[in-house]
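Here the structure is a predicted model, which is why all the values come from computation and not from measurement.
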Amino acid sequence: SVGGIFLGRGPLAGPPSDGRIHVIYLYVALVGGPSLLLGALVRERERVIAALREAQARYRRATRAGGVGVWEWTPRDDTLYVDPALLVALGRATDADGAIGGGADDADAGDARDAAPPAHRLDEWRALVHPDDVGRFAAALDEVAAGRAPSFALEYRLRDATGGWR
């Protein structure tokens with residue numbers, strides 16, 4: 001065993017009868033150990049990815065069942081994540097550059113629901129907010145950005161692809 005080798009027991013405890021034995025044991029100790037560790041890390045990575053996929057599927061089911069859409073703004077680089085299901089609910093998709101597009105002709109709704117959404121910009125999203133709601137939208141966003149509110153919680157209307165309000 002490897003432990004016996006390091007404790008001075010086992011086949012390498014006495015004088016070697018053949019130099020190749022040392023090479024084989026050193027190969028197993030130096031190459032085999034890291035390979036086993038790498039295998040364990042790969043299995044752990046696969047387990048984590050499977051758990052992440054399961055959580056994402058659960059999230060999609062919950063947002064669809066609740067009829068809600070989620071968006072998240074990162075002020076540092078002014079990127080906006082928009083849940084593909086929310087874009088589909090508005091009859092919108094994204095173009096190749098990631099801009100919020102006009103209608104369902106831009107992409108298949110099924111693809112938009114399953115594809116990883118590109119990053120958007122807040123000004124694109126704000127342009128979809130109903131004119132009567134823009135002031136409240138901006139104020140609520142400012143409260144969160146300034147740290148005076150823990151999260152953005154506001155009911156407001158958005159323009160859908162047909163020009164109507166939802």
If Ile, Leu, Val, Met, Phe, Trp and Tyr residues are connected whenever their side-chain heavy atoms lie under 4.5 Å apart, and connections chain through other members, are F152 and L86 in the same group? yes

List for me each residue that meets ring-ring contact (aromatic ring centres under 6.0 Å, His included) alongside Y156, sequence neighbours excluded, and say none if there are none. F137

Side-chain donor or acceptor of R157 paired with backbone N/O of G164 under 3.5 Å: no

Please round to the nearest 0.5 Å and tell me the distance separating atom CH2 of W165 and atom CG of D160. 9.0 Å

Is R47 paired with E44 through a side-chain N to carboxylate O contact shorter than 4.0 Å? yes

Within the structure provided, determine whether L52 and Q56 are in side-chain contact (heavy-atom separation under 4.5 Å). yes

d(L128 CG, R159 CZ) to nearest 0.5 Å is 6.0 Å

Side chains of T79 and W73: closer than 4.5 Å at any heavy-atom pair? no

Test: D123 and R126 ion pair at under 4.0 Å: no

State yes or no: do V134 and V82 share one hydrophobic cluster built from I, L, V, M, F, W and Y residues joined by side-chain heavy-atom distances below 4.5 Å, directly or via other members? yes

Distance col, row W71:CH2 vs L87:CG, nearest 0.5 angstrom, shows 13.0 Å

Looking at every heavy atom in both G91 and A161, which two are closest together, and how far apart are they? O-CB, 2.9 Å

Only counting residues at least two apart or in another chain, list the ones meeting salt bridge (Lys or Arg N to Asp or Glu O under 4.0 Å) with E155. none

Counting only heavy atoms from other residues, nucleotides and ligands, does the tally under 6.0 Å from CZ of R53 exceed 12? no

Answer whether the closest heavy-atom distance between the side chains of R136 and L154 falls below 4.5 Å. yes

